[in-house]
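In this text, all values refer to a predicted model and were calculated from it rather than measured experimentally.
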Amino acid sequence: MIKGITLVSAIASEGEFGRVASLFSALGFEEGKGWQDAQGRGRAFLAPVGNLEFVAGRAPAVPPVLVETTQLDHIRSLVEKWLLASYRSEEIADILSATELTHWNSRLFSVQISPELRIGFWQSENPLHGLPEAIEGDLSAANMRFAVVTTRWNTVITDRLLQGSLDALHRSGAAKADIEVVRVPGAWEVPNAARTLAESKKFDAIITLGCLLRGETAHYEAIYNEVARGIGQSQQDTGIPHAFGVLTCETLEQALDRAGLKAGNKGFEAASAAIEMVSIQRKLAAQNGQVKK
C-alpha cells in the first residue's frame, strides 16, 4: 500500500547543500530522518501533503519542485530575508523572481537555489482549493411535492411571504399540482398543521410561513419559542425537511422589509432552502443505496 512520495534532488556542493537545508528550516518544514556515509549525506524535509505530477505534450512551465502555501506573500518575505543573509542585494533580483499569476488560477514565485535546483512557491486563487468535495443540493424543484403552511393572522405580511414562496417554487420547476397551500389561524397553529402534512408522507418538504410582532402580544417570546420548537420537532421526528419562514420582528415596518420590501423575501428564501434540502436528501439516499422518491 502506498504510504508517501519522496522527491530526491542532488546538490552540487557542500555550500549549496547547507543553504538549501537552512532555507527549508527557516520556512518551518519538519525535518525528517537524514543519512550520511563515506560517499555523501542527505537531509529530509517533510510536508503535510505531497503530489506526484506527470506532464505530457509540452514541457512543464513551472520549477521541478513546487511548494504549495497558504500565505504566499509572507513566504516570499521569508525567502528574501534568508537570501539577504547569504547574497548581495543586487544578486537577489536574479535569484528570486517576482510573484506572478499563472494560467492555472494561482500565484507563483521561484527561487534559484543553485544552478541545478529551482524551487517554486505557489498559492491557489480558488478559495475552495484543497477542500473536500461537498454534497450540495440543486435548485430544481421538478418532480418534488411541497406543502406550504401559512397564517391568516398578519396577512398583509404572510400573503407576501406566500407569494415569494410560490414564486421560488414555480421558477425552480415545481408544477402547480405539486404544491398544496394550507392556511391556519395564526403562528401557534403552524407546527400542528406542518406535522400532519409531514406525517402524511405525501410531500417532500414543508414550508412554514408566519409573522410574529413583539408589539402585538405580551407573550411574544413564549409563542415564538413554541412555534420554533414544534416545527423543529416535526422535522426531526418525520424526517421531512421543514423550511422555517416565520418572521419575528419588532415592528410592522421590519416585517414588511423582510417580506420583500427592502431585505429580500423570507418566503422565497424558505422555499429555496426546502428545494435544496429535498435535493440533498435524495443525493444522500442514492449514495447510501437507498431509494427516495
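Atom CD1 of Ile113 and atom CZ of Phe17 lie 13.0 Å apart (nearest 0.5 Å). Expressed to the nearest 0.5 Å, how far CG of Leu96 lies from CH2 of Trp82 amounts to 10.5 Å. Rounding to the nearest 0.5 Å gives a distance of 12.5 Å between CE of Met277 and CD1 of Ile275. Atom OG1 in Thr69 sits 8.5 Å away from atom CZ in Phe121 (nearest 0.5 Å). The distance from atom OG of Ser234 to atom CG of Asn192, rounded to the nearest 0.5 Å, is 9.5 Å. Taking CD1 of Ile92 as the reference point, atom NZ of Lys81 lies at 13.0 Å (rounded to 0.5 Å).
Note on Val65: it does not cluster hydrophobically with Leu46, by side-chain heavy-atom contacts below 4.5 Å among ILVMFWY residues. Connection of Leu139 to Phe268 is not established within any shared hydrophobic cluster, with ILVMFWY side chains joined at heavy-atom distances below 4.5 Å, either directly or through further cluster members.
Residues Ile135 and Gln287 form a side-chain contact, since some pair of their non-hydrogen atoms from C-beta on lies under 4.5 Å apart. Within the 4.5 Å cutoff, no side-chain heavy atoms of Ile207 are placed close to those of His242. Leu213 has its side chain out of reach of Thr251: every pair of non-hydrogen atoms, C-beta onward, lies at least 4.5 Å apart. Looking at Phe146 and Asp178, their side chains never come closer than 4.5 Å, going by heavy atoms from C-beta outward. At least one side-chain heavy atom of Leu209 sits less than 4.5 Å from a side-chain heavy atom of Leu162. Residues Thr99 and Gln123 are not in side-chain contact: their nearest non-hydrogen atoms beyond the backbone lie 4.5 Å or more apart. The shortest side-chain heavy-atom distance between Glu221 and Arg214 falls under the 4.5 Å cut-off. Side-chain contact between Glu100 and Ser106 is absent, with no heavy atoms from C-beta onward closer than 4.5 Å.
Distance alone, capped at 3.5 Å, is enough to place a donor-acceptor pair between the Gln254 side chain and the Glu250 backbone. Ser172 contributes a side-chain N or O that, together with a main-chain N or O of Ala168, makes up a donor-acceptor pair within less than 3.5 Å. Side-chain atoms of Ser165 come within 3.5 Å of backbone atoms of Gly267 as a donor-acceptor pair (strictly under, hydrogens ignored). Not a single donor-acceptor pair under 3.5 Å links the side chain of Ser110 to the backbone N or O of Gly120. A distance-only check finds no donor-acceptor pair linking the side chain of Glu199 to the backbone of Thr196 [under 3.5 Å]. Asp167 contributes no side-chain N or O that, together with a main-chain N or O of Gln163, makes up a donor-acceptor pair within less than 3.5 Å. In terms of modelled atom types and a separation under 3.5 Å, the side chain of Arg118 and the main chain of Ile95 share no donor-acceptor contact. A donor-acceptor contact shorter than 3.5 Å is absent between the side chain of Glu136 and the backbone of Ile280. No donor-acceptor pair under 3.5 Å is formed between the side chain of Lys266 and the backbone N or O of Leu247. When atom types are taken as modelled, the side chain of Glu226 and the backbone of Ile223 share no donor-acceptor pair closer than 3.5 angstrom.
In plain terms, the two heavy atoms of Phe244 and Ala228 that are nearest each other are CE1-CA, 3.9 Å. In this structure, Leu169 and Ala141 approach most closely via the heavy-atom pair O-CB, 4.1 Å. When all heavy atoms are compared, the tightest approach of Ala205 to Ile240 is CA-CG2, 3.8 Å. Here the shortest heavy-atom pairing between Ala187 and Pro191 reads O-CD, 3.5 Å.
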- Output, in order, the C-alpha distance, side-chain angles, deciding distance and verdict of salt bridge (Lys or Arg N to Asp or Glu O under 4.0 Å) for Arg152 and Asp159. CA-CA 9 Å; Arg152 291 198 305 272; Asp159 280 355; over 6 Å; no

- Run the salt bridge (Lys or Arg N to Asp or Glu O under 4.0 Å) check on Arg41 and Asp37 step by step: do they pass? CA-CA 6 Å; Arg41 62 191 180 112; Asp37 59 25; over 6 Å; no

- Tell me, with the steps shown, if Ile206 and Thr208 meet side-chain contact (heavy atoms from CB on, under 4.5 Å). CA-CA 6 Å; Ile206 314 297; Thr208 60; 4.3 Å; yes

- When you look at Gln233 and Asp237, which way does the side chain to side chain donor-acceptor pair (under 3.5 Å) test go after all the steps? CA-CA 6 Å; Gln233 191 67 48; Asp237 291 347; 3.0 Å; yes

- Task: Report the C-alpha separation of Thr150 and Leu161 in whole Å, then their side-chain angles, then the decisive distance to 0.1 Å, and conclude whether the side-chain contact (heavy atoms from CB on, under 4.5 Å) test is met.
- Result: CA-CA 8 Å; Thr150 186; Leu161 297 176; 5.9 Å; no

- Item | Criterion side-chain contact (heavy atoms from CB on, under 4.5 Å) on Leu84 and Ser89, from CA distance to verdict | CA-CA 6 Å; Leu84 286 169; Ser89 57; 4.3 Å; yes

- Item | Stepwise side-chain contact (heavy atoms from CB on, under 4.5 Å) test for Arg282 and Met144 | CA-CA 11 Å; Arg282 290 181 176 182; Met144 295 179 184; 3.8 Å; yes

- Query: How far apart are the C-alpha atoms of Arg107 and Glu125, what are their side-chain angles, what is the distance that settles it, and do they pass the salt bridge (Lys or Arg N to Asp or Glu O under 4.0 Å) test?
  - Reply: CA-CA 7 Å; Arg107 294 186 303 133; Glu125 294 292 277; 3.4 Å; yes

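Classified by interplanar angle (parallel below 30°, tilted 30° to 60°, perpendicular above 60°), the ring pair Phe45/Phe24 is tilted.
Side-chain contact of Thr158 with Trp153: a donor-acceptor pair under 3.5 Å is absent, judged by distance alone.
A salt bridge does not link Asp204 to Arg145: none of the charged nitrogens lies less than 4.0 Å from a carboxylate oxygen. Residues Glu14 and Arg19 are not paired through a salt bridge, judged by the lack of any N-O separation under 4.0 Å between the basic side chain and the carboxylate.
At most 12 heavy atoms of other shown residues, nucleotides or ligands fall within 6.0 angstrom of atom NZ in Lys176. The environment of Gln71 atom CD is sparse: at most 12 non-hydrogen atoms of other residues, nucleotides or ligands sit within 6.0 angstrom. Counted within 6.0 Å of CD on Gln36, heavy atoms from surrounding residues, nucleotides or ligands total more than 12; the atom is thus considered enclosed.
Cluster partners of Leu66 are Val62, Trp104, Leu108, Trp122, counting Ile, Leu, Val, Met, Phe, Trp and Tyr whose side-chain heavy atoms approach within less than 4.5 Å, directly or via other members.
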